[in-house]
Amino acid sequence: MARRRQIYEGKAKILYEGPEPGTLIQYFKDDATAFNAQKRGTISGKGVLNNRISEHIFTALGAIGVPTHFIRRLNMREQLIRQVEIIPIEVVIRNVAAGSLSKRLGIEEGTQLPRTIIEYYYKDDALGDPLIADEHIACFGWATQEEMNDIADMAIRVNDFMCGMFAAIGIRLVDFKLEFGRVWDGDYARVILADEISPDGCRLWDLKSNEKLDKDRFRLDLGNVAEAYQEIARRLGLMPEGEEANSVLDFDSHRKKRGR
Ligand code: TMP
């Protein structure tokens, strides 16, 4: 098979040229980083699980009318997506205090917020993705006011949907990160949801025990990291039960051993 042209390699994913113009292939790695890549590791099987979990969520969001880059899953680790011009802003939606919000403002982790907060961070690794205000976005032209209105509207819709989806499987959606991109139709640009939605970029706590079932297990060295991602996939109905569950991940490791 002809080698595909690699377009971009990030910390957890690789983008390859797609089969048609305007498409890309998004490949999910097992690599994990935290604290702006100061901490590095691998979470065995993560790429397979995130590919499935993100497919599931993007498909459901598409079905309620949120435009996304997702076209279809191709195999265990890859999905076909629309090529977008990524808007260099990480959109963080918070329902419960945790992580950098708790640290910055001294609010106890786990405090239910009286209203949902949307924060923006400038996507720049060299600067450590700093928190920014609307004013910076407008001043430096990272997105137009109209685009920011669309982004905020979509973020709230995604949050409402995901809060319900996770509550139904006994999980509290504490916070999560979204990324958006532009697609061009002649001179007209439209903003759609891009990147991924997976336990890498969400805080997901068990409703009863408050157990963390997301990348904080890796960030904070809590152990059982892969198991937490599997538990999310299992509760979403994406894992075959029992023995078959292991074979989903084994299949992938066999492929790796054969050097594919
Ligand atoms: P924070 O509390 O560290 O700011 O993170 C808020 C949410 O955003 C959390 O669910 C993890 C996610 N996130 C990312 O996906 N990528 C990042 O680089 C950071 C810092 C956070």
Side-chain angles (χ1 to χ4, degrees), residues 8-13 26 28-41 43 46-47 49-51 53-54 57-58 68-69 86-113 115-133 136 142 151-152 154-156 158-163 165-167 171-181 193-207 210-222 225 228-229 231-232:
Y8 174 82
E9 176 157 13
K11 285 175 276 196
K13 297 189 292 292
Q26 177 164 259
F28 288 76
K29 301 192 275 188
D30 285 347
D31 297 350
T33 63
F35 313 119
N36 203 18
Q38 289 176 58
K39 181 183 170 83
R40 289 171 184 276
I43 302 170
K46 172 173 83 81
L49 294 163
N50 282 359
N51 187 23
I53 293 168
S54 201
I57 298 175
F58 273 67
T68 83
H69 74 163
I86 282 285
I87 294 172
I89 299 171
E90 300 201 344
V91 179
V92 169
I93 298 95
R94 300 181 187 270
N95 300 303
V96 176
S100 68
L101 177 87
S102 290
K103 211 168 148 194
R104 193 181 315 114
L105 302 179
I107 298 170
E108 194 187 346
E109 186 167 280
T111 308
Q112 182 72 43
L113 298 170
R115 49 170 285 176
T116 296
I117 295 175
I118 306 183
E119 293 174 340
Y120 303 110
Y121 293 81
Y122 182 47
K123 242 175 100 67
D124 186 316
D125 283 341
L127 299 175
D129 298 346
L131 178 67
I132 51 172
H136 301 109
W142 294 322
I151 285 173
M154 281 191 266
I156 292 298
V158 171
N159 184 52
D160 286 347
F161 176 82
M162 291 215 326
C163 279
M165 183 187 77
F166 281 115
I171 285 167
R172 183 142 69 130
L173 180 61
V174 170
D175 58 31
F176 62 102
K177 187 257 300 184
L178 297 176
E179 292 189 29
F180 294 86
L193 185 64
D195 194 47
E196 70 179 297
I197 300 180
S198 72
D200 267 10
C202 300
R203 285 200 174 89
L204 304 166
W205 295 358
D206 182 81
L207 262 179
N210 278 333
E211 189 185 3
K212 296 182 198 305
L213 296 170
D214 56 60
K215 196 169 134 188
D216 267 353
R217 299 203 73 83
F218 169 76
R219 293 190 189 97
L220 308 172
D221 292 320
L222 299 177
V225 187
Y229 283 66
E231 178 63 10
I232 296 297

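Remember, it's a predicted structure, so these values are computed and weren't measured experimentally. Scope of the values below: all heavy atoms of this structure, side chains included, with no hydrogens, waters or symmetry mates. Just so you know, ligand 1 is whichever comes first in the structure, and atom 1 is the first atom listed for that ligand.
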Would a 4.5 Å heavy-atom cut-off, applied to side chains only, mark Leu49 and Phe28 as touching? no
Among Glu196, Lys215, Glu90, which one puts a heavy atom closest to atom 19 (C) of ligand 1? Glu90
Ile156 side chain reached by Ile118 side chain, heavy atoms, under 4.5 Å: yes
Only heavy atoms count here, so choose which of Arg94, Glu179, Lys103, Lys177 is nearest to atom 16 (N) of ligand 1. Lys177
Residue pair Arg217 / Ile43, side-chain heavy-atom distance below 4.5 Å: no
For atom 10 (O) of ligand 1, which protein heavy atom lies nearest, and how many Å away is it? Asp175 OD1, 2.5 Å
State the atoms of ligand 1, each with its element, that fall below the 4.0 Å cut-off from a heavy-atom position in Tyr121. 4 (O)
Starting from atom 4 (O) of ligand 1, which protein heavy atom do you reach first, and at what distance in Å? Ser100 OG, 2.6 Å
Flag the pair Asp175 and Arg203 as a salt bridge only when some basic side-chain nitrogen lies within less than 4.0 angstrom of an acidic carboxylate oxygen. yes
Starting from atom 3 (O) of ligand 1, which protein heavy atom do you reach first, and at what distance in Å? Arg203 NH2, 3.7 Å
Would you call Glu119 and Leu101 a side-chain contact if the rule is heavy atoms closer than 4.5 Å? yes
Between Arg94 and Ser100, a side-chain donor and acceptor under 3.5 Å: yes
Ligand 1 contact on Val92 by region, counting heavy-atom pairs under 4.0 Å: side chain
For Cys202, the atoms of ligand 1 under 4.0 Å from one of its heavy atoms are 10 (O)
Relative to the heavy atoms of Gly201, which atoms of ligand 1 are at a distance of less than 4.0 Å? 10 (O), 12 (C), 15 (O)
From Asp195, Asp30, Asp31, residue fulfilling salt bridge (charged side-chain N to carboxylate O under 4.0 Å, His left out) relative to Lys13: Asp195
Protein heavy atoms near atom 14 (C) of ligand 1, is at least one of them under 4.0 angstrom away? yes
Which residue is it: Lys46, Lys29, Lys11? I am looking for the one with a salt bridge (charged side-chain N to carboxylate O under 4.0 Å, His left out) to Asp200. Lys46
Shortest non-hydrogen contact from Arg40 to Phe218? C-CZ, 3.9 Å
Residue Phe176 vicinity, atoms of ligand 1 by number, heavy atom under 4.0 Å: 10 (O)
Looking only at heavy atoms of Arg219, does any of them come nearer than 4.0 Å to an atom of ligand 1? yes
Close-contact set for ligand 1 against Gly99 heavy atoms, below 4.0 Å: 2 (O)
